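If you're wondering where the values come from, they're calculated on a predicted model, not measured in any experiment. Throughout, protein chains are lettered first and strands after them, A, B, ... in sequence-line order, and every chain is numbered starting at 1.
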Protein chains: 2
Amino acid sequence: MTAPEVPGRRQTRQRSAVLALLDELDGFRTAQDLHALLRERGDAVGLATVYRALQALVDDGLVDVLRGSDGEAAYRRCSPVHHHHLVCRSCGRTVEVADPPVERWATRVAAEHGFADVQHQLEVFGTCSSCTAAG
Amino acid sequence: MTAPEVPGRRQTRQRSAVLALLDELDGFRTAQDLHALLRERGDAVGLATVYRALQALVDDGLVDVLRGSDGEAAYRRCSPVHHHHLVCRSCGRTVEVADPPVERWATRVAAEHGFADVQHQLEVFGTCSSCTAAG
DNA sequence: CGTGTTCATGAGAATCATTCTCGCATAAGC
DNA sequence: GCTTATGCGAGAATGATTCTCATGAACACG
């Protein structure tokens with residue numbers, strides 16, 4: 001389906017498998033999860049390769065990373081435009097949200113304190129309606 | 001200086017040392033850093049104890065945690081009111097900033113998507129004026 | 001369509017932050 | 001002072017991530 005040709009990046013079975021898997025999945029998944037899933041479906045890929053593929057995808061802007069409170073990295077296939085996430089802390093379901101006001105606010109506050117080259121990172125966590133219902 | 005008596009929490013030399021050190025320091029420091037600093041100044045404290053102390057301080061709301069891009073946790077003595085950080089990515093200097101608009105925005109967006117129990121995490125990174133000048 | 005160069009892969013070892021274990025010390029309450 | 005739960009320390013254990021290095025495969029070129 002998606003065949004993103006990034007210059008200087010070779011197209012291998014393993015890399016496609018990782019990206020294809022991420023395409024199917026909804027929320028953020030850890031590298032270990034993805035590795036286990038690939039292995040389950042018989043499409044065996046080395047763990048180190050999963051890490052390498054994910055890093056490449058992140059570098060190319062095709063995937064977003066999120067660090068959980070335990071420090072474990074979670075990955076998700078994302079749209080390339082700037083956005084933030086609304087993540088269900090129970091089922092991991094994710095909604096992408098844009099936030100023009102926050103962008104402006106961050107830039108302004110940073111400028112007021114003499115900071116240049118500003119980046120920001122924002123995630124919103126909550127419990128989605130299904131999980132609230134499920135109790 | 002600060003002698004925060006938290007009920008159910010014993011006051012020991014080690015715990016005071018960790019908190020005192022954090023009081024002196026400006027930016028975010030990793031547990032390993034803090035441990036090394038304590039050891040340098042002769043005030044030896046076990047590494048495991050530093051971790052335990054920091055966790056307790058975080059639980060008591062006296063210290064904030066931040067996860068770097070490498071997943072390593074960094075700690076900083078902070079004011080107990082809700083706030084976010086403006087962090088210099090070069091020297092680590094930190095400014096606490098409040099952000100009523102973002103609070104409201106996060107809550108509203110979450111509600112629109114049916115999410116309850118909302119929390120958010122926001123950090124702004126940049127290069128502070130001194131570091132920009134120093135090139 | 002071969003073929004060589006270069007980059008990717010995989011298995012396992014290595015690294016490194018963090019947590020656990022467990023016997024000993026000590027703060028707090030009486 | 002005495003008791004007792006709690007904290008401490010050293011080192012082992014855990015677990016995610018990265019490195020190593022020999023093998024394999026993609027791509028450019030003829």
Start at the 5' end of DNA chain C and walk down; is the nucleotide closest to L47(B) or to R13(A) reached first? R13(A)
Closest to the 5' end of DNA chain C, once Q32(B) and T12(B) are matched to their nearest nucleotides, is Q32(B)
Assign R9(A) to base, sugar-phosphate, or nothing according to its heavy-atom contacts below 4.0 angstrom with the strands shown. nothing
Could you tell me whether the phosphate oxygens of dT19(C), OP1 or OP2, come under 4.0 Å of any side-chain nitrogen or oxygen in Y51(B)? no
side-chain N/O Q55(A) vs dT17(D) OP1/OP2, d < 4.0 Å: no
Partner of E24(A) under salt bridge (charged side-chain N to carboxylate O under 4.0 Å, His left out), chosen from R41(A), R76(A), R29(A): R41(A)
If a pair satisfies side chain to side chain donor-acceptor pair (under 3.5 Å) and one of its residues is in residues 102-116 of chain A, list it, with sequence neighbours excluded. H82(A)-E103(A), H84(A)-E103(A), E103(A)-H120(A), R108(A)-E112(A)
Can you check the R39(A) CZ to dG10(C) C1' distance for me, whole Å? 10 Å
Would you check if H85(B) and C78(B) make a side-chain contact, meaning some heavy-atom pair closer than 4.5 Å? yes
Rounded to the nearest Å, what distance is computed from the CG atom of residue L34(B) to the C1' atom of nucleotide dT18(C)? 14 Å
Ion pair check, D43(A) and R13(A), cut-off under 4.0 Å: yes
Measure from the side chain of Q14(A), starting at C-beta and using heavy atoms only, and say which of dG10(C), dT19(C), dA8(C) lies closest. dG10(C)
R9(B) CZ: over 12 foreign heavy atoms closer than 6.0 Å: yes
Sub-4.0 Å heavy-atom contacts from residues 60-71 of chain B onto DNA chain C, ordered by number: none
Closest approach to the side chain of E72(A), judged atom by atom: which nucleotide of dG7(D), dT17(D), dA17(C) is it? dT17(D)
What integer distance in Å separates R29(B):CZ from dA17(C):P? 16 Å
L54(B) CG - dG7(D) P separation (whole Å): 15 Å
What contact category does R52(A) fall into here, base, sugar-phosphate, or nothing, at under 4.0 angstrom with non-hydrogen atoms? base
Between dA16(D) (C1') and D33(A) (CG): distance, integer Å: 12 Å
Taking only N and O in the side chain of R15(B), is any of them less than 4.0 Å away from OP1 or OP2 of dT6(D)? no
Heavy-atom nearest nucleotide on DNA chain D for R10(B) versus A44(B): which residue maps closer to 5'? R10(B)
Does D26(A) come within less than 4.0 Å of R93(A), counting only side-chain N to carboxylate O? no
N or O in side chain of Q11(B) less than 4.0 angstrom from dT26(C) OP1/OP2: no
So, Y75(A) versus Q55(A): side-chain donor-acceptor pair below 3.5 Å or not? no
